[in-house]
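The figures here come from the full heavy-atom set of this structure, side chains too, leaving out hydrogens, waters and symmetry mates.
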Amino acid sequence: WRVFAKYRNLDGLHDMDGEKIHDGQRNLRAGFRTDLSPDRDSSLTFLGDVTLGWTKNLFLYPDLAEGMVFEHKASSDIADLNMRGRYSRTLGEDSSISIQAFLSRFSLETSDLYDLTVNTADLDFQHQFPLLTGHTAQWGAGIRRIGAHTETGLRAMEFDRKRRTEILLSAFVQDEISFADGRWLLTLGSKFEHNEQTGLEILPSTRLLWRASERHAFWTAMSRSARIPSIAEQDVYYHLEIQELDGLLPVRISLTGDPDASAERVLVWELGHRFTPSSSFFLDTALFATRADNLFSQSLDLSSASPRISPEPHIQIDGKAGNDVRGITHGLELSATWEAASWWRLRGWYAYFEDSCRFRGEGIDAFASSYGRISPRHQFFFRSSMDLPHNTEADIMFRYVSEQPGLEVPDHATLDARLGWKPAENMEISLVGKNLLTPRHKETASGLVFGDGMGVDRSCYLKLRMDF
């Protein structure tokens with residue numbers, strides 16, 4: 001068995017002008033894990049953790065009564081409890097069963113502005129067995145219950161249903177087929193989910209692996225996934241923004257959720273290759289493309305424009321949520337690992353991503369300006385890890401992310417470094433520096449909801465770890 005406890009106290013960050021942001025936090029996390037073996041074929045695992053936290057928050061939202069934009073500083077209390085139990089039993093060669101139960105409770109209380117409580121209970125069963133020669137079959141089933149209670153005191157946001165309960169039923173089947181002396185591996189399967197919001201979702205997948213030689217392996221996959229609409233997309237009503245027009249009344253734009261929103265559905269195609277010229281080096285290449293339908297949308301109806309006098313004279317324009325966006329994406333990933341020496345390991349990763357979305361509904365698309373502009377097009381990561389004499393370790397990590405114009409986030413590069421020393425087998429002392437290239441850089445969005453965007457500061461810390 002084992003137990004752990006971790007306390008963290010973080011001061012507030014700064015905006016890009018160096019001004020302090022109201023976002024400090026403190027939290028305490030503690031938990032346990034125990035593993036039991038009733039007999040040689042069975043195992044039992046119990047684990048749980050609890051997190052108690054406090055954070056400072058800065059809310060910016062449109063409010064005519066407060067002069068266009070209202071700034072409110074508040075604090076939040078967070079409590080998160082999780083318990084999990086798992087039983088596994090080996091029935092024979094390539095045959096086993098497992099049962100897992102999970103309980104959690106999450107609560108967030110933000111002064112008198114926003115309260116959220118979510119209770120989750122989950123039960124899952126899986127069975128693996130050899131179906132025929134060269135076949136390994138799996139099937140499973142599960143049930144999950146989620147209960148949520150939401151209260152808001154924000155004048156800019158309301159929820160139609162303050163209490164919401166969802167029952168999610170799921171099942172899956174899978175067959176892994178090996179042939180040609182294991183050089184080919186075909187995996188066929190499907191997942192079936194039923195929820196009260198969108199009904200039955202059938203999510204098939206297939207994957208083919210070809211080990212062409214000791215140096216080359218190729219694989220391809222195709223799958224379908226779905227995302228159930230959230231509370232915010234179905235039940236929320238909120239004010240998006242207020243626009244000031246010279247010589248005219250201010251215009252307030254408000255959006256409401258769609259209680260009949262359907263699931264977002266995505267088809268994914270993947271193609272990959274692994275090149276292994278030696279035992280110390282390999283290179284992975286992966287290409288992917290997706291096509292998404294019924295993506296979440298918000299459309300504005302200009303015919304709804306009407307003058308209002310409360311809380312201040314203004315023009316009101318209403319919009320409504322829907323599933324009126326279709327999107328496609330494509331890209332590639334390159335990943336390489338090289339053990340240059342027994343004491344020196346190098347790893348690199350690069351990703352290219354491009355997306356395109358099209359609005360096919362009526363009215364004006366409220367999110368049109370963000371399409372293709374939120375996700376970075378290029379990302380690069382490099383890490384060097386060295387085991388030095390006298391029980392010393394040195395790590396260097398470099399990261400680059402291209403611009404995200406839809407979030408007003410410029411491209412940025414970061415460098416982290418770590419020097420570790422083990423004076424004893426159960427003790428480690430580390431000196432860590434993070435974001436060393438610049439005093440501060442921006443990684444978060446700007447805008448009405450997000451504020452001016454926080455800056456990630458250069459920092460360093462000393463860490464002591466003891467195992468006993």
Side-chain angles (χ1 to χ4, degrees), residues 1-10 25-55 57 75-91 95-110 114-128 138-151 159 161-172 174 191-197 201 203 225-232 235 465-468:
W1 60 273
R2 72 192 81 169
V3 296
F4 71 90
K6 185 176 182 179
Y7 175 75
R8 184 170 64 171
N9 188 347
L10 297 179
Q25 59 176 284
R26 300 191 302 266
N27 64 63
L28 172 66
R29 183 168 181 246
F32 74 94
R33 173 172 178 153
T34 180
D35 296 285
L36 305 174
S37 298
D39 54 60
R40 67 177 186 176
D41 296 326
S42 303
S43 64
L44 274 170
T45 299
F46 297 98
L47 63 156
D49 64 83
V50 60
T51 301
L52 302 176
W54 174 86
T55 64
N57 305 285
S75 60
S76 299
D77 294 316
I78 299 172
D80 188 12
L81 173 66
N82 300 281
M83 298 289 291
R84 188 188 305 269
R86 180 182 178 88
Y87 171 75
S88 301
R89 183 173 181 82
T90 301
L91 303 178
S95 180
S96 63
I97 61 170
S98 66
I99 302 174
Q100 179 175 277
F102 172 75
L103 295 172
S104 75
R105 179 180 175 84
F106 173 82
S107 66
L108 170 67
E109 297 181 0
T110 304
Y114 184 78
D115 294 342
L116 172 66
T117 302
V118 180
N119 296 307
T120 303
D122 182 276
L123 183 63
D124 180 79
F125 172 80
Q126 294 188 21
H127 179 205
Q128 175 178 301
Q138 282 184 300
W139 71 277
I143 181 172
R144 171 173 292 189
R145 181 188 184 276
I146 303 174
H149 179 209
T150 306
E151 293 283 352
F159 288 91
R161 291 182 290 176
K162 299 185 182 300
R163 295 185 181 274
R164 178 167 169 169
T165 300
E166 295 184 4
I167 303 293
L168 177 65
L169 303 176
S170 63
F172 79 93
Q174 177 179 293
K191 188 174 183 180
F192 308 89
E193 291 187 349
H194 183 274
N195 65 88
E196 299 175 359
Q197 308 298 322
E201 302 289 344
L203 312 172
S225 61
R227 187 184 71 85
I228 301 171
S230 67
I231 295 176
D235 296 339
R465 172 174 174 170
M466 296 186 66
D467 298 320
F468 52 88

Asn195 vs Glu166, side chain to side chain contact (heavy atoms under 4.5 Å, CB included): CA-CA, chis, key distance, verdict: CA-CA 7 Å; Asn195 65 88; Glu166 295 184 4; 5.8 Å; no

Distance, nearest 0.5 Å, that separates CD of Glu196 from CG of Leu169: 8.5 Å

Residue pair Phe172 / Leu203, side-chain heavy-atom distance below 4.5 Å: no

Test item: side-chain donor near acceptor, Ser88 and Ser98, under 3.5 Å: no

Asp124 and Asp122, any side-chain heavy atoms less than 4.5 Å apart: yes

Chi angles and distances behind the salt bridge (charged side-chain N to carboxylate O under 4.0 Å, His left out) call for Asp39, Arg89: CA-CA 9 Å; Asp39 54 60; Arg89 183 173 181 82; 3.4 Å; yes

4.5 Å side-chain heavy-atom contact, Arg2 and Asp35: yes

Between OG on residue Ser75 and CD on residue Gln25, distance to nearest 0.5 Å: 13.0 Å

For the student: nearest non-hydrogen atoms of Phe46 and Leu36, plus distance: CE1-CD1, 4.4 Å

pair Ile78-Phe106: side-chain heavy atoms closer than 4.5 Å: yes

For Phe159 against Tyr114, the heavy-atom pair lying closest together: CE1-CE1, 3.9 Å

Validation row: His194, Glu201 side chains within 4.5 angstrom (heavy atoms): no

Where Leu52 and Ala79 come nearest, the two heavy atoms and their spacing: CD2-CB, 4.0 Å

Given Gln126, Lys191, Gln138, Gln128, the one that forms side-chain hydrogen bond (donor to acceptor under 3.5 Å, both in side chains) with Gln174: Gln138

Leu10 vs Arg26 side-chain heavy atoms within contact, under 4.5 Å: no

Nearest-0.5 Å distance that lies between atom CG in Leu81 and atom CG in Leu103: 8.5 Å

Heavy-atom side-chain contact between Gln100 and Tyr87 under 4.5 Å: no

Mutual orientation of the aromatic rings belonging to Trp139 and His127 [parallel < 30°, tilted 30-60°, perpendicular > 60°]: perpendicular

Atom pair OG1/CG of Thr150 and Leu116 - distance to nearest 0.5 Å: 5.0 Å

Other residues, nucleotides, ligands: >12 heavy atoms within 6.0 Å of Lys6 NZ: no

Value rounded to 0.5 Å, distance of CD1 in Ile228 from CD in Gln197: 7.5 Å

Minimum-distance pair of heavy atoms, taken over all atoms of Ser107 and Thr117: CB-OG1, 4.1 Å

Contact summary for Leu44 and Pro38, nearest pair of heavy atoms: CD1-CG, 4.0 Å

Side chain to side chain contact (heavy atoms under 4.5 Å, CB included) evaluation trace for Ile97 with Leu91: CA-CA 7 Å; Ile97 61 170; Leu91 303 178; 3.7 Å; yes

pair Ile167-Arg144: side-chain heavy atoms closer than 4.5 Å: no

Spacing of Asn119 atom CG and His149 atom NE2 [to the nearest 0.5 Å]: 11.5 Å

Shortest non-hydrogen contact from Asp115 toward Glu109: OD1-CA, 3.3 Å

